[in-house]
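Being a predicted model, the structure only gives us computed values, none of them experimental. Numbered from 1 within each chain, the chains take letters A, B, ... in sequence-line order. Hydrogens, waters and symmetry mates are skipped; everything else that's a heavy atom, side chains included, is used.
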Amino acid sequence: MSADRREFLKTGAAVLAALGLSRPGIRPPPDVDPNIRELCQRALDVARSAGAGYADIRVIRRRSQSVSTREHQFVGASDSESFGFGVRVLAQGAWGFAASRELTRDEVTRMAQAAVAQARSNRRAMTRPVVLAPTPPVKDGRWRSPIEIDPFTVPIDDKVALMLRANGEALKVAGARYVSSSMVFVLEDKTFASTDDIFTVQQVYRCLPELTVTAVDPSTGDFQTRYSAEVAPMGLGYEWVRKADFPGRAPLWAEEAVRKLTAKPVEPGRYDLVLEPHHLFLTIHESIAHPTELDRALGYEANYAGTSFCAPPEMMLKQLRYGPDFMQIQCDRSQPGSLSACGWDDDGVAPETYPLIQNGILVDYQTTRDQVEWIRPITGRTRSHGCSYAASWSDVQFQRMPNISLLPGEQDLTAEDLIAATDRGIYITGHGSYSIDQQRYNFQFGGQAFYEIRGGKIAGMLKDVAYQARTIDFWNSMDMLGGKRSYEMNGTFYDGKGQPGQSNAVSHGCVPARFRGVNVLNTGADRG
Amino acid sequence: MADWLSREEAKRLADRVLGYSRAEGCQVNLASGLSGNTRSAVDGVSTSGEVRDTAVTVASRFGKRSASVSTNLLGNAALRRAVETSEQLARLAPENPEQMPLLESQRYAEVPALARATVELDAEARAEAVGVTHGACVRAGLRGAGFIHRSVGATAVANSAGLFAYHSASEVSHTLSVRTPAGDGAGWAGTAHSDWARSRAPAALAERAIARALQSRGAKPLEPGQYTVVLEPTAVANLLGLLAWSLDARAADEGRSFFSRRGGGNRIGEKVVDERVTILSDPAEPELLQGPFTPEGEPIGRTVWIENGVVRNLAYNRFWAGKQGVAPRPQGGGIRMSGTDATLDQLIAQVDRGLLVTRFWYIRSVDPRTITHTGLTRDGVLLIEHGKVARAVQNFRFNESPVTMLRNLVALGAPERVTSSESGGLGGTAMVVPPIVTREFNFTSVSEAV
């Protein structure tokens, strides 16, 4: 991989330019509340004197707002705020965690003591003590998402008006019967302190604007939908919603929904696939990002999210050929506007940008401070990659994926170039239905729109398309990759993992890519 | 305040919030309680947590305009601010022509869902339970990963039209996955109930998951295709839930659902599945014990959705019911499916050649017109030959509809309460379902995942 490609994602300007935005980080860093700082110190002191070898506290105010509409009407608006703190302690090598909504001196004391008592109970039912990797102190860390317009300051009627305008434009298309649209905004105001001399204050914003059009053919009872998959959820403010131009794009989505009604059902078989970034990001998410979570690979998530085919690490690292030589996958929480961007993770670690797959070979996993020791003898690494996150003050932090991206190819190709080079294939846009097994071997993905490719040209629309493959076969069948110009970031707002389930928002950057001879099903015929 | 609001405390808090309201109408929802969890994996307990929280949601309305705000800050100033913000948002919000008037005072079924054993299942008691399951796995030379999730608390709804409803409940789920160290066998068992004392005991749960892990070792691939399957109750619940969520009259009437009648209207009165299938909801059912009201305070009673294979009812929200001239019928109250007294072994004994499925995983919609979903089998698929389990086979991906599953029914067993959520925790629909035998179940590819 050239230095130019490696540096590509590190340069915020390139990413923001690709997003059509230009003014990163124009708002000042967040302030520190002296009362919160004092109560954080109180929690750490109580935990230590109760016998904890390590303690951290997160005080979080999480605000979210959602607004939704359908057709020509407003459906609902809600605004929610949740405030509280969670104290996590390590005592005798066991974790304990207690959280409460009442940030008072008494309650902080009670929770810190409860967390230590819990850790002692847990120690009796465990065999190997937890070891934390060292991390440098952070005296007064401040970080804020690079937003231009705080979405919570935009009047709700402006938001509704924008969505109703988009709905109206969609419904002008003959055959478009229903349309629903919504916006979700999240703000996490987070103060973190730990006994390792770390104190940080961060303000993280995220937004998720969406629209779905449904076209119905009353004569057959058939209906088809088209979702606004090209518009990614982002770690940005209201400027992103405006930039997305829903009213301008809605008719195109509506037309595709209508055309799907009369599209040709796909003939099952093997096809070359040309996949757009707003489709492929989800395949990356499911088949690369999840299997390389270290806790999953070692069995810690076996009861829900599952395990991984990328195990055991000693037989996989620097040995597993995931894909072709030109395949480079990078972990990065510094990309401006990305969903998992932050200054410090929920262990207080500044995240690293590092390769996960290099020249097609698996070279690393995602880690937190308490996981480094698990593979230190194999990797020789002594610090965490900074992948810790908790969904709220009431959830205990654990390993969550950073932004994981497929880097652009050397040649400056676009999706059009990939289509032109394909004799018989299917061009897929937008993410759709998806499902993958608990070890991430076998998957099935649908999409939003499907087009037949014949002789290097689009030959008409298809419907009921889904492809099934084995992860390693699929990635090794990749033979063409778009260049820097075609790089896009997309992402998922609600990635689930853990028990109790926690939601994480994460971006995946990628370029269009071509995959050879993939098994395609018809999901409309004979139940697939 | 104790760990959750008593009826009197809930009423006082709701009245305080309603007292701040200057809107034409106001609704307050309260959720308060203590939730605890303990996870275990390779080394025994991995993480645990205990959380106290009380959340207040205020919905203000002016004519057909409304908006809601929720907060967990309970001081007077914070609550007043929440009410004011909801009023501000409601005034700004456009009219919702489908908004229904606030309900006046209602009567609800008494559902005694707060169990002492669940209340007492604190972090120490959960660690003891992990000691039992982890110890059993270690003795068997296997690796367990488990999750105990417990919640105790209360929900309440009140509004400015005089309605007040309160329900206190406890709920617990315990799931355990067991794997062989070589990664060539996996088993699972789960239990859920409002009462920890009536859920499956940790030792019995471990025994079941360990047995399946050992049975599933050395799985060989079998050709994908259509098979007769014996589905354990959890597997039935995984798919039946998808059918239950489709029981909505409006989606049916608007032509957006399996329950749409071709040419318009819905399929109430039509036979859609085998006549041995009856599916109902009832919050007071002793094995379900669910909340007896909706977030609007609408009473949830007993509803038979499908009786002897015929669609008897679909859910009508108040707006759609008014428009169609029928009585409103909310969803909720869990799901119970009909069954027999037959045991799982008796069902297996009836099958000449087929597959026993422990549970399903990663289920996603493929086609809402037929409720077809895709997903995978997980934690043990066993080949049945001549009425006996013969050997383990590899997991499959399926593309199948719960409607087809119930149309092709061969036999049913004894219903039991299961953990229906894929996450193994609380929060899914409470379900009491039988194991079943069904034919021509559609497996489309093999997954080598264990």
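Using a 4.5 Å cut-off between heavy atoms, A:Arg88 does not touch chain B at all. Interface residue A:Tyr178: only side-chain heavy atoms are found under 4.5 Å from chain B. Both the backbone and the side chain of B:Ser447 come within contact range of chain A, with heavy atoms under 4.5 Å apart. With a threshold of 4.5 angstrom between heavy atoms, B:Asn37 approaches chain A through side-chain atoms but not through N, CA, C or O. Only the side chain of A:Glu286 comes within contact range of chain B, with at least one heavy atom under 4.5 Å from a heavy atom of that chain. A:Phe223 touches chain B through backbone and side chain together, each having a heavy atom under 4.5 Å away. Within the 4.5 angstrom heavy-atom criterion, no atom of B:Ser60 approaches chain A. For chain A, no part of B:Arg91 is nearby; none of its heavy atoms comes within less than 4.5 Å. For B:Val450, the parts lying near chain A are the backbone and the side chain together; criterion is any non-hydrogen pair under 4.5 Å. Neither the backbone nor the side chain of B:Ala55 comes within contact range of chain A; no heavy atoms are under 4.5 Å apart. Contact annotation for A:Thr220: only backbone heavy atoms (N, CA, C, O) come within less than 4.5 Å of a heavy atom of chain B. Only the side chain of B:Arg262 comes within contact range of chain A, judged by heavy atoms closer than 4.5 Å. Neither the backbone nor the side chain of B:Ser260 comes within contact range of chain A; no heavy atoms are under 4.5 Å apart. Of the atoms belonging to B:Glu95, it is backbone heavy atoms, and not side-chain ones, that fall under 4.5 Å from chain A. At a 4.5 Å heavy-atom cutoff, A:Arg62 makes no contact with chain B through either its backbone or its side chain. In this structure, chain B has no heavy atom under 4.5 Å from any part of A:Leu103. When heavy atoms are compared at a cutoff of 4.5 Å, A:Val75 approaches chain B solely by way of its backbone atoms N, CA, C and O. Contacts between A:Arg70 and chain B at a heavy-atom distance below 4.5 Å involve the side chain alone, from C-beta outward. Only the backbone of B:Leu176 comes within contact range of chain A, judged by heavy atoms closer than 4.5 Å. Using a 4.5 Å cut-off between heavy atoms, B:Arg256 contacts chain A through both its backbone and its side chain. For A:Arg124, the part sitting under 4.5 Å from any heavy atom of chain B is the side chain, from C-beta outward, and nothing else. Only the backbone of A:Ala305 comes within contact range of chain B, with at least one heavy atom under 4.5 Å from a heavy atom of that chain. The parts of A:Gln444 that come within reach of chain B are both its backbone and its side chain, each placing non-hydrogen atoms under 4.5 angstrom from that chain.
For the side-chain hydrogen bond (donor to acceptor under 3.5 Å, both in side chains) with B:Asn395, the qualifying choice from B:Thr377, B:Asp379, B:Thr358 is B:Thr377, the only one to do so.
A pairwise comparison of heavy atoms in B:Asp184 and B:Thr180 identifies OD1-OG1, 2.6 Å as the closest pair. Closest non-hydrogen pair, A:Ala99 versus A:Ser394, comes out as CB-CA, 3.9 Å.
Side chain of A:Ser308 to main chain of A:Pro291: a donor-acceptor pair is present (N/O by atom type, distance under 3.5 Å, no hydrogens or angles). Put simply, the side chain of B:Glu422 gets close to the backbone of B:Tyr362: a donor and an acceptor are under 3.5 Å apart. When atom types are taken as modelled, the side chain of A:Thr471 and the backbone of A:Arg440 share a donor-acceptor pair closer than 3.5 angstrom.
Top candidate by heavy-atom pairs under 4.5 Å with chain B, chosen from A:Asn519, A:Ile436, A:Thr127, A:Ile156, is A:Ile436.
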Evaluate the side chain to side chain contact (heavy atoms under 4.5 Å, CB included) criterion for residues A:Asp295 and A:Trp374: first the C-alpha distance (whole Å), next the side-chain angles of each, then the deciding distance (0.1 Å), finally the verdict. CA-CA 9 Å; A:Asp295 47 6; A:Trp374 298 346; 4.2 Å; yes
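In this structure, B:Arg378 fails the cation-pi test against B:Trp188, since its NZ or CZ atom is not both closer than 6.0 Å to the six-membered ring centre and inside 45 degrees of the ring normal.
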